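Report on the following structure.
Here the structure is a predicted model, which is why all the values come from computation and not from measurement. Start at 1 and go down the list; that is how both ligands and their atoms are numbered. Quick note: residue numbers are just sequence positions, from 1.
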Amino acid sequence: MAEIFKGSKINGDFKDKHIVSIDQFRPEDLTILYAESAAAEIMRGEIGKTDILHGKLLANLFYQPSTRTSRSFSSAMHRLGGEVELIDNVEYSSVAKGESLTDTIRTMEQYTDVTVLRHPEVGAAALAASVAEHPIINAGDGIGEHPTQALLDLYTIKKSFKDIGGLAITMVGDLKNGRTVHSLAKLAAMYDVRINYVSPPELTMPDYIRKQLADLGIEQNEYPDIESSLADTDVLYMTRVQKEWFEDEVEYERLKHAFVLDGETMEHASDNMIVMHPLPRVGEIAKEVDADSRAKYFEQMANGMYVRMGLLALVLGKSLLPTTIAEHRVLTER
Ligand code: NCD
């Protein structure tokens with residue numbers, strides 16, 4: 001088999017690039033992406049929709065369940081004037097007949113301009129990218145990475161804090177199987193941050209990520225529980241225990257509520273700390289925390305669409321930036 005394509009560096013130019021891993025990014029790329037995301041946010045607030053991706057079609061190819069990622073990508077495409085071809089019931093496609101991922105990718109790109117792919121195997125997005133002519137965006141490859149989630153997570157963090165440098169980010173839950181924390185750890189490590197881990201011993205952050213961060217000089221600490229991490233936490237990033245990767249149901253039941261954030265714990269946290277979660281949650285954040293102004297997980301969902309709007313515009317060679325709201329209005333009304 002050909003060497004697995006890892007995705008080339010963005011280097012300030014997103015056009016026609018596959019988005020496979022956070023390893024492709026540098027802080028300069030984030031500046032470009034977040035300027036687009038902020039423009040998308042303003043445009044949505046003012047007029048709801050523009051037409052810069054008129055005539056473009058996105059393939060949303062999901063081999064695993066999704067609510068936010070799939071719907072925010074398709075809403076993003078629609079709000080930019082493009083259209084969406086959705087395959088999320090792969091059992092009704094030729095996948096059920098045994099078609100390979102690469103053949104499915106080659107098929108879909110005959111009809112569409114960009115593919116968003118979620119797949120249960122690590123490396124699936126890289127494999128797809130190795131055969132694809134048009135951009136593949138990794139929306140989660142097994143327990144590997146989920147780069148667009150990390151991009152929206154960091155956008156959310158940037159909105160809450162003036163500087164990323166100096167922040168302590170505490171990741172809680174299933175750090176072994178959670179692809180969102182794998183990508184976020186790598187992304188945050190581009191800045192001068194501290195990363196803390198709170199997880200059951202069976203579900204710790206993989207060594208390859210710890211090593212990648214250590215090589216960058218990032219300080220990493222373990223805490224036995226949420227409570228003891230609070231004095232050293234600006235961002236509390238909660239995750240669910242990933243049931244789908246457990247072979248033993250009893251083991252899952254034993255670990256699923258190892259760390260739960262509730263109102264009482266929040267009373268011991270600082271006023272400036274924020275709480276994040278990629279969602280879905282399955283009991284690890286009590287509902288009473290939702291009303292706390294430090295809870296940012298609903299804002300994260302909204303930011304997901306803006307960051308994905310920015311990303312789609314850029315990989316398809318467009319920009320929301322030079323276009324004023326008045327110009328977007330003209331585009332939409334034409
Ligand atoms: C995450 C995922 O699919 O990895 N969900 C998401 O995209 N927001 C997190 C999870 O499922 O726990």
Side-chain angles (χ1 to χ4, degrees), residues 19-22 37 58 60-77 86 88 90 115-126 136-157 169 171-188 197-200 202-206 209 235-246 252 255-261 274-285 290 295-309 311-312:
I19 307 297
V20 172
S21 165
I22 286 300
S37 313
L58 172 138
N60 235 355
L61 188 56
F62 279 69
Y63 289 73
Q64 282 185 297
S66 170
T67 302
R68 273 152 293 272
T69 307
S70 142
R71 298 305 129 171
S72 64
F73 265 113
S74 71
S75 305
M77 195 65 184
L86 172 70
D88 62 355
V90 288
T115 297
V116 173
L117 173 69
R118 171 169 288 184
H119 194 279
E121 280 165 42
V122 175
I136 300 291
I137 300 179
N138 183 4
D141 62 326
I143 62 167
E145 278 211 51
H146 191 350
T148 67
Q149 178 71 42
L151 293 168
L152 78 89
D153 290 340
L154 195 76
Y155 183 73
T156 306
I157 296 172
I169 301 173
M171 301 180 169
V172 182
D174 187 348
L175 308 182
K176 175 181 175 217
N177 300 307
R179 53 197 172 199
T180 68
V181 282
H182 300 166
S183 288
L184 182 59
K186 292 189 197 187
L187 189 62
Y197 305 124
V198 177
S199 67
E202 298 84 351
L203 302 176
T204 55
M205 184 61 90
I209 304 230
V235 176
L236 188 65
Y237 194 96
M238 301 291 299
T239 66
R240 86 184 154 92
V241 174
Q242 309 270 306
K243 183 175 189 208
E244 58 272 45
W245 305 113
F246 279 76
Y252 168 72
L255 295 175
K256 71 176 181 190
H257 290 149
F259 300 105
V260 173
L261 181 66
I274 64 169
V275 180
M276 299 178 66
H277 194 307
L279 300 176
R281 62 175 153 179
V282 283
E284 59 281 346
I285 300 183
D290 296 0
K296 297 290 176 196
Y297 31 94
F298 297 114
E299 190 189 318
Q300 259 173 290
M301 289 183 199
N303 290 338
M305 185 175 75
Y306 303 133
V307 171
R308 287 166 177 142
M309 285 169 82
L311 191 63
L312 287 172

| query | Below 4.5 Å, heavy atoms only, C-beta onward: do F246 and L203 meet side chain to side chain? | reply | yes
| task | Look only at the side chain of R240 and the backbone of E284, and say whether a donor-acceptor pair between them is shorter than 3.5 Å. | result | no
| Which residues pass the salt bridge (charged side-chain N to carboxylate O under 4.0 Å, His left out) test with R68, sequence neighbours left out? | none
| Can you tell if the side chain of H146 reaches within under 4.5 Å of the side chain of T69, non-hydrogen atoms only? | yes
| query | Under the 3.5 angstrom rule, does the side chain of H182 hit a backbone N or O of P206 as a donor-acceptor pair? | reply | no
| remark: Taken to the nearest 0.5 Å, the spacing of T156 OG1 from M276 CE works out to 4.5 Å
| said: At less than 4.0 angstrom from any atom of ligand 1, which residues have a non-hydrogen atom? List them by chain and residue number. | reply: T69, R118, H146, Q149, R179, T180, R240, Q242, P278, L279, P280
